[in-house]
Asker: 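There's a structure below that I have some questions on.
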Amino acid sequence: MVFAKQQFFKHSFKAIGLIMLLALSSSVFALAQLAGSKSAYQYDNQQMLSPAPKGYSAFYIDHVGRHGSRYISKAKYEDIAYSVLILAEKNNQLTPAGKALITQVAAIKQLNNKHYGELTDLGRNDIALISKRMLANNPTVFKGQKIEVLSSTSSRAKQTAQIFMQAFQALYPDIEIATQPEDQQFLLRFFNYAPAYDEYKKSGLVKQALTSLEHDPKTIEISRTVGKKIFTDAFLSQLNEGISINDKSPIKTEDFVIALFQLYQELLALPSQVLVDNHLDFDDYFSVDDNAWLNTVVTAKNYLQIGPAWDANGIQIKIAAPLLWDMLTSADKAIENGHIDANLRFAHAETVSPLATLLEIEGAATVAASIFDYPNVWRADKIVPMGANIQWIFYRSEQANQPILVKVLLNEREVHLPISTVNYPYYRWDEVKQFYTDKLNKLGLMQNQNMMKMLQNLQ
């Protein structure tokens, strides 16, 4: 297969005129490589998938997907940025660039108002296109028999499932989207049920690693360079030392700039026309080098909490075991009875990323030499962009006594598994199943365990 090519502009929003001439697709956005898990979904319409081996045809899909691009989930970062800008404006300590910025941040707050965490139009469009491609690329799978759909109880995950299934309504008019009970979502929100994982996220080890990046001299230097574009020297001197607003913890220049950069990344979730209409353009505030470093700083949390971190079989990855067992079991049932066309699951980055690492999909399971090096081995935008998905596509031969084959797609791109094959990207299902069964068993994650208790007892 030709891997999906990412179309980047050196300065995305300055290229907005060109963007408007292109289809409203997430692939036109620049900075996808600099937005981590906030990246809009990337797909190359020219890419080709490998043809099935002679005599084989697809008959079943086992799938897990993330919700599409969304509005900012919480007001935290826009509140930090806006409160500092308002204070500087009140004291007449904004530069002309700062005055332009406060107008933009106010517009972002207005756009997000009453929409926090909801899918954007871009997100809805991306999900609709993914589902249409799945249907078009696998005509022998979707025979109108049965599709089982499971969503987390998050409104954006359920909305994603609903949009995804619209392409299938004609073949499956009685589709229902199921959810596990709020207190038993161990398949798709397993990250909520493992006390040891909560301890890990809050551990001194993780905090120290994040702090080392946030307080690195390069972070301080970049923050002050960005701040100089926005504030007068007098105000910036105060901000460098820390300013308390509304009796809250002091905000320093690096806190402000990191918050502003998070807003910059969030702009990728919006259709280009919205950016044009609201005059949203942060490019002048951040250089290319600034983007690269600040993305390393803010995406480190993903690498440590839902990526390989220091151990690709650590607690942050083992928590995906219930989902992997479910996928293995669902596939075997589909192979045995032939009465189901697909299992489709809709959840979150915290679901997809640990699963990708547990599967040892290429690019998802490499441990970096240090926290400063992780972007060289792990890219959140490649693994868990908005709309991220893992698809296991199963193939059966028209000839008797031939092995079942499976092909794995990550974000609709064929990927390598840590299993030998003479016919990449196709693998023998019996060997794939055995590999992951052995791996889970070696980790002490047995199939016959109660999955809730497994999560509660994980170490």
Side-chain angles (χ1 to χ4, degrees), residues 60-67 146-154 157-158 160-161 176-202 305-309 311-337 340 342-361 364-365 384 388-392 406 408 429 432-459:
Y60 169 72
I61 294 178
D62 215 355
H63 157 279
V64 179
R66 184 190 183 191
H67 58 76
K146 181 182 179 182
I147 292 181
E148 290 186 358
V149 186
L150 182 68
S151 168
S152 88
T153 54
S154 161
K158 287 192 286 188
T160 295
E176 293 185 3
I177 298 172
T179 59
Q180 289 185 298
E182 188 69 44
D183 60 347
Q184 298 178 38
Q185 296 185 70
F186 56 84
L187 287 180
L188 299 180
R189 296 183 68 90
F190 43 74
F191 44 87
N192 285 340
Y193 298 99
Y197 176 57
D198 285 337
E199 292 178 10
Y200 166 78
K201 288 194 298 181
K202 300 172 184 176
Q305 295 188 353
I306 63 175
D311 181 359
N313 290 320
I315 183 66
Q316 80 286 2
I317 303 305
K318 289 191 290 187
I319 54 175
L323 176 56
L324 179 51
W325 275 126
D326 185 64
M327 294 183 74
L328 294 169
T329 302
S330 298
D332 268 351
K333 288 180 179 178
I335 291 168
E336 290 170 10
N337 64 40
I340 183 168
N343 283 90
L344 307 176
R345 306 167 185 83
F346 299 91
H348 309 274
E350 297 91 337
T351 310
V352 176
S353 182
L355 177 64
T357 303
L358 189 60
L359 293 173
E360 298 179 49
I361 288 175
V384 279
N389 55 88
I390 295 173
Q391 301 178 34
W392 294 359
V406 62
V408 175
W429 169 241
V432 170
K433 178 186 173 184
Q434 192 62 56
F435 177 87
Y436 291 123
T437 298
D438 290 346
K439 176 174 182 174
L440 290 170
N441 288 340
K442 287 177 182 177
L443 292 172
L445 309 171
M446 308 300 181
Q447 185 174 13
N448 58 2
Q449 290 178 267
N450 176 288
M451 294 300 165
M452 284 290 285
K453 288 184 178 179
M454 175 194 290
L455 291 170
Q456 291 166 357
N457 295 328
L458 272 180
Q459 296 299 321

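The analysis underlying the following values was restricted to heavy atoms, covering all of them including side chains, and did not include hydrogens, waters or symmetry mates.
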Asker: Rounded to the nearest 0.5 Å, how far does NZ of K333 lie from CG of N343?
Answerer: 9.0 Å

Asker: How far apart are the closest heavy atoms of A388 and V384, and which atoms are they?
Answerer: CB-CA, 3.6 Å

Asker: Say you draw a straight line from OG1 of T160 to CG of L344; how long is it, rounded to the nearest 0.5 Å?
Answerer: 12.5 Å

Asker: Using side-chain contact (heavy atoms from CB on, under 4.5 Å), reason through M327 and L355 one step at a time and then give a plain yes or no.
Answerer: CA-CA 11 Å; M327 294 183 74; L355 177 64; 3.8 Å; yes

Asker: Evaluate whether atom NZ of K433 has more than 12 neighbouring non-hydrogen atoms of other residues, nucleotides or ligands under 6.0 angstrom away.
Answerer: no

Asker: Spell out, as yes or no, whether a donor-acceptor pair under 3.5 Å connects the side chain of S353 to the backbone of A349.
Answerer: no

Asker: Tell me whether Y197 contacts the main-chain N or O of I317 through its side chain, where contact means a donor paired with an acceptor under 3.5 Å.
Answerer: no

Asker: How close do F435 and E360 get, heavy atom to heavy atom, and via which atoms?
Answerer: CZ-OE2, 3.8 Å

Asker: Is there a donor-acceptor contact under 3.5 Å from the side chain of Y60 to the main chain of I340?
Answerer: no

Asker: Please confirm whether the backbone N or O of F186 pairs with a side-chain atom of Q180, one donor and one acceptor, at under 3.5 Å?
Answerer: yes

Asker: Is it true that Q316 and T357 share a donor-acceptor pair across their side chains at a distance under 3.5 Å?
Answerer: no

Asker: With no hydrogens and no angle check, is any side-chain donor or acceptor of K439 less than 3.5 Å from a backbone partner on L358?
Answerer: yes

Asker: Could you give the distance from CG (L445) to CE (M454), rounded to the nearest 0.5 Å?
Answerer: 5.0 Å

Asker: Let me confirm one number: the OH-CG distance from Y200 to L458, rounded to the nearest 0.5 Å.
Answerer: 14.0 Å

Asker: Quick check for you: to the nearest 0.5 Å, what is the distance between W392 atom CH2 and L328 atom CG?
Answerer: 4.5 Å

Asker: Which atom names give the shortest non-hydrogen contact between S151 and A157, and what distance separates them?
Answerer: OG-C, 3.4 Å

Asker: Is it the case that the side chain of R345 and the backbone of L188 share a donor-acceptor pair, with hydrogens and angles ignored and the cut-off at 3.5 Å?
Answerer: no

Asker: Looking only at side chains, do H348 and S152 share a donor and an acceptor under 3.5 Å apart?
Answerer: yes

Asker: What closest approach, in Å, do M451 and Q447 show between heavy atoms, and which atom pair accounts for it?
Answerer: CE-O, 3.7 Å

Asker: Which pair of non-hydrogen atoms, one from F346 and one from V149, has the smallest distance, and what is that distance?
Answerer: CE1-CG1, 3.7 Å

Asker: Using modelled atom types only, decide if a donor and an acceptor are shared between the side chain of E350 and the backbone of F191 within a distance under 3.5 Å.
Answerer: no

Asker: Is the backbone N or O of T437 less than 3.5 Å from a side-chain atom of N441, with the two atoms forming a donor-acceptor pair by type?
Answerer: yes

Asker: Between atom OG1 of T153 and atom CD of E182, what is the distance when rounded to the nearest 0.5 Å?
Answerer: 3.5 Å

